[in-house]
Amino acid sequence: ETSTFLEERILKRALRYIDQELCPTVKNTLFGNPARPSLSHTVSLVELFENDQLTWSTREPAINVYHKGGYFDIHKDQQALTILLPLSTRDVDFTGGGTAFWAQSHP
């Protein structure tokens, strides 16, 4: 399916960026395992994705398309990592909007 191919391609690109630019700090924080300390240093997020070893929330990964007045409800997905990739230009393709993250203690 074309949309699945596109989602996977975009996701792999984002995971590759995290592997190359943000790791090892991000990967060690998310996937560090005292029982297997070498895991976070030797396995890339792309490899984990390709080997079906990443866990997703229901209906994710996904590309969400918003129209005027559209929004994504406040939710809690229990995941350790969220990747947001705007595919449009703010103040050119849209105005307003935003994303917020709350502390674990937030109701």
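The distance from the CZ atom of R16 to the CG atom of L11 is 10.0 Å, given to the nearest 0.5 Å. A distance of 4.5 Å separates CG of L45 from CG of D19, quoted to the nearest 0.5 Å.
Shown here is D52, whose CG atom has no more than 12 heavy atoms of other residues, nucleotides or ligands within 6.0 Å.
Of the residues listed (E7, R9, E8), the one engaging F5 in a side-chain contact (heavy atoms from CB on, under 4.5 Å) is R9, and it is the only one.
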